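Model, not experiment: these values are computed from the prediction.
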Amino acid sequence: MSGVAVVRDLLVGVDVGGSKIAVLVADKGLSPRGRYTLPTTVGAPARAADVVVGAIAAAVGDAGATVDSIAGVGIGVPGRVDPLNGTVSLAVNLGWNDLELGTPVAERLGAPVRIENDVRAAAAGLHERGVLGDVADLAYLSIGTGIAAGVVLDGRLHRGVRGLAGEIGHVVVDAAGPTCPCGLRGCLETLAAGPAVARRAAAAIAAGGTSSLAALGDLTAADVYEAAAAGDTLAAEIAADVGAHIARAVHLLVMTYDVEVVVIGGGVAGAGDAFLDPILRALDRLRDASALAREVLRPGVVHLLPSGSEAGAWGAVTLARAAASGERPSPAAADRLSPVEGREVGDE
């Protein structure tokens, strides 16, 4: 007597962040079925596949199903990934380097797995689900533990020659600034990401600054923005400076890619108006100073992703749908090129 055939009808999206792993289970109609969240085990690459599989099993259990029901898995990871072989080439904030993740997860679950950079997956998901309406050119700027952007051009995810398009968090904005985990000094991430906001507040208080934040223990970016919204002068000054940095990042994205919309999300963006208002004021100053800036930074160019949108997890679900359909990822341009010997312009 033959057994009952297993129906594989669940899509699983895994959003691996600097502080947490969020898993979302959806059916093929993209209705949510289950969720699970746990802290990210940073710097433990040998356990990465086991942790991810365990989180997936818990989320599928929350959906009232088993892993045998999984049709496809999508995993978004911060940093550089190779979607073709499922390898995390370099995830600075996680301490992962040349980590094989796709194959071991697929083998444990018996389901196809697709891996992509987390922010680029989120951008593709926002476009594919029409979250911003009929927009073919957009950038998703994520401000959280780190900073990165995903870019969709003419309706297609733009990965770039090395699969690093949009890694704006590692653009140097202050050469005398703090050392970044990438090895450079003064990257945008060291000045405007969540941990940087908290560190700046703690350092200002330690230097004698007066603030309601002094009564708190370990500060977070959310604490800083909450204090700024309540009228705390020190917190408001930090929020304004961070807002200016992010406004320049928005300007850079629009000038570089000529996108119609920049949508800002990530954990820090969850502070809402206290986070967004300083960015909008900084954008106004750029418009006032430059006719070109007024042209490209038109009102409405910036949108704040609504709290609870789960852009990363839903982006990973779109990867899962592609994996389930058997769709092969497109290689980065560098993977299609043959090494050639060349000369710099001007060489004799």
Output yes when [X] and [Y] qualify as a salt bridge under the 4.0 Å nitrogen-oxygen rule, no when they do not.
X      : Y      : result
Arg120 : Glu167 : yes
Arg108 : Asp50  : yes
Arg200 : Asp241 : yes
Arg159 : Glu116 : yes

Can you tell me how far [atom2] of [Y] sits from [atom1] of [X], rounded to the nearest 0.5 angstrom?
X      : Y      : atom1 : atom2 : answer
Arg281 : Ile279 : CZ    : CD1   : 10.0 Å
His303 : Leu276 : NE2   : CG    : 10.5 Å
Leu94  : Leu99  : CG    : CG    : 9.5 Å
Leu30  : Lys28  : CG    : NZ    : 11.5 Å
Leu297 : Leu283 : CG    : CG    : 6.0 Å
Ile147 : Ile168 : CD1   : CD1   : 8.5 Å

Please check if the side chain of [X] supplies one atom and the backbone of [Y] the other of a donor-acceptor pair under 3.5 Å.
X      : Y      : answer
Thr220 : Asp223 : yes
Arg35  : Asp62  : no
Ser211 : Leu213 : yes
Asn117 : Gly79  : yes
Thr256 : Leu252 : yes

With Arg287, which residues qualify under salt bridge (charged side-chain N to carboxylate O under 4.0 Å, His left out), at least two apart?
->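 So Arg287 forms a salt bridge (charged side-chain N to carboxylate O under 4.0 Å, His left out) with Asp284.
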
For Arg298, what residues pass the salt bridge (charged side-chain N to carboxylate O under 4.0 Å, His left out) criterion, not counting sequence neighbours?
->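 By the salt bridge (charged side-chain N to carboxylate O under 4.0 Å, His left out) rule, Arg298 matches Glu295.
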
Out of Val12, Ile56, Leu11, which one pairs with Val25 under the side-chain contact (heavy atoms from CB on, under 4.5 Å) rule?
->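 Exactly one option meets the side-chain contact (heavy atoms from CB on, under 4.5 Å) with Val25, and it is Val12.
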
Looking at Val73, Thr318, Leu319, Ile75, which one forms a side-chain contact (heavy atoms from CB on, under 4.5 Å) with Arg114?
->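 Single pass found, and it is Leu319.
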
Are Trp314 and Val263 grouped together when hydrophobic residues (ILVMFWY) are joined by side-chain heavy atoms under 4.5 angstrom apart?
-> no

Counting only heavy atoms not in Asp218, do more than 12 sit closer than 6.0 Å to its CG atom?
->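 At most 12 heavy atoms, drawn from other residues, nucleotides or ligands, come within 6.0 Å of this atom.
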
For Glu128, look at atom CD and say whether over 12 heavy atoms of other residues, nucleotides or ligands are found less than 6.0 Å away.
-> yes

Could you check if a side-chain atom of Leu141 sits within less than 4.5 angstrom of a side-chain atom of Ile246, using non-hydrogen atoms only?
-> yes

Hey, does Leu109 have a side-chain heavy atom less than 4.5 Å from the side chain of Asp68?
->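 Result no, sub-4.5 Å side-chain heavy-atom pair not found.
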
Using only heavy-atom distances, determine whether the side chains of His245 and Arg248 contain a donor-acceptor pair under 3.5 Å.
-> yes

Say whether Ser89 and Asp82, considering side chains only, have a donor N or O and an acceptor N or O under 3.5 Å apart.
-> no

Pair Asp9-Ile70, side chain to side chain contact (heavy atoms under 4.5 Å, CB included): steps then yes or no | CA-CA 6 Å; Asp9 58 354; Ile70 297 175; over 6 Å; no

How would you list, by chain and number, every residue that makes a side-chain contact (heavy atoms from CB on, under 4.5 Å) with Ser290, sequence neighbours excluded?
-> Leu292, Ala293

Return each pair, listed once, that meets side-chain hydrogen bond (donor to acceptor under 3.5 Å, both in side chains) where at least one residue sits in residues 183-193; pairs must be two or more places apart or across chains.
->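 Checked against side-chain hydrogen bond (donor to acceptor under 3.5 Å, both in side chains) - neighbours excluded - the pairs reaching residues 183-193 are Asn93-Glu189, Thr179-Arg185.
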
Using the side-chain hydrogen bond (donor to acceptor under 3.5 Å, both in side chains) rule, collect all pairs that involve residues 257-276, keeping only residues at least two apart or in two chains.
-> none

Keeping to residues at least two apart or across chains, list the ring-ring contact (aromatic ring centres under 6.0 Å, His included) pairs with something in residues 259-284.
->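 As it turns out, the ring-ring contact (aromatic ring centres under 6.0 Å, His included) pairs with a partner in residues 259-284, which skip direct neighbours, are Tyr225-Phe275.
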
